[in-house]
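Below, each value reflects all heavy atoms present in this structure, side chains not excepted, and no hydrogens, waters or symmetry copies. Each chain gets a letter, A, B and so on, in the order its sequence line appears, and its residues count up from 1.
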Amino acid sequence: MEQPGGGSRSSGIELPEDGFEWKKYGQKFIKNISKLRAYYKCARAGCSVKKKVEWAESEPNNLRITYEGGQHIHNTTSQEAGPSRSGGSSSDANRYNLIIQAFGDHYPPS
DNA sequence: CGAATTTGACCAGCGC
DNA sequence: GCGCTGGTCAAATTCG
């Protein structure tokens with residue numbers, strides 16, 4: 001019905017590739033914000049970083065991504081997943097960069 | 001076959 | 001004290 005051809009159990013939401021691997025472990029509809037929220041966790045061993053994706057059922061194009069946990073501790077250098085490692089280390093800038101990459105440059109809205 | 005993903009249900013904390 | 005919500009886990013199913 002929803003997937004003629006290819007296979008895809010996705011809920012129909014396209015996540016922006018941030019350069020890391022994530023494992024989805026839950027999804028729920030939050031009435032408080034009238035939006036859907038998906039819970040992702042870093043798929044790397046030893047990395048307990050969590051990622052939350054929030055979007056409205058009417059606007060799957062408006063994704064709101066939030067990173068929790070701090071930073072990835074696995075070898076992003078040896079893996080093939082490196083966000084914007086253009087030189088400079090990162091900590092808070094890393095989180096902001098990822099969010100901006102998903103929103104464009106309007107975060108937070110406030 | 002292995003791996004990945006999805007859904008439902010349960011639990012805990014908080015507010016009034 | 002009770003109800004409600006959010007968050008996580010487990011199991012089942014499916015694809016390449």
Check: Run the salt bridge (Lys or Arg N to Asp or Glu O under 4.0 Å) check on A:Glu57 and A:Lys35 step by step: do they pass?
Finding: CA-CA 6 Å; A:Glu57 230 204 67; A:Lys35 283 196 184 61; over 6 Å; no
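- Looking at A:Lys51 and A:Val53, their side chains come closer than 4.5 Å, going by heavy atoms from C-beta outward.
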Protein-nucleotides 8-14 of chain C N/O pairs under 3.5 Å:
from: C:dT8; atom 1: OP1; to: A:Tyr25; atom 2: OH; distance (Å): 3.0
from: C:dT8; atom 1: OP1; to: A:Lys50; atom 2: NZ; distance (Å): 3.3
from: C:dT8; atom 1: OP2; to: A:Tyr25; atom 2: OH; distance (Å): 2.4
from: C:dC9; atom 1: N4; to: A:Tyr25; atom 2: O; distance (Å): 3.2

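- At whole-Å resolution of the value, CG in A:Leu15 and P in B:dT5 are 11 Å apart.
- Computed from coordinates, the A:Leu36 CG to C:dG6 C1' distance equals 14 Å when rounded to whole Å.
- Side-chain atoms of A:Gln27 and A:Ser11 include a donor-acceptor pair closer than 3.5 Å.
- Between A:Arg37 and C:dG6, a side-chain N or O to OP1/OP2 separation shorter than 4.0 Å is absent.
- The minimum heavy-atom distance linking A:Leu63 with A:Leu15 is given by the pair CD1-CA, 4.3 Å.
- For the pair A:Asn32 CG and C:dC4 P, the interatomic distance rounds to 14 Å; values are reported in whole Å.
- In this entry the distance linking CD of A:Glu54 with P of C:dG7 reads 9 Å, nearest Å.
- Salt bridge A:Lys50/A:Glu68: absent, no basic N to carboxylate O contact under 4.0 Å.
- When the C1' atom of C:dT5 is taken as reference, atom NZ of A:Lys35 falls 17 Å away, rounded to whole Å.
- Side-chain nitrogen and oxygen atoms of A:Lys23 include none within less than 4.0 Å of the OP1 or OP2 phosphate oxygen of B:dA4.
- In terms of the side chain to side chain donor-acceptor pair (under 3.5 Å) criterion, A:Lys28 has no residue partners (sequence neighbours excluded).
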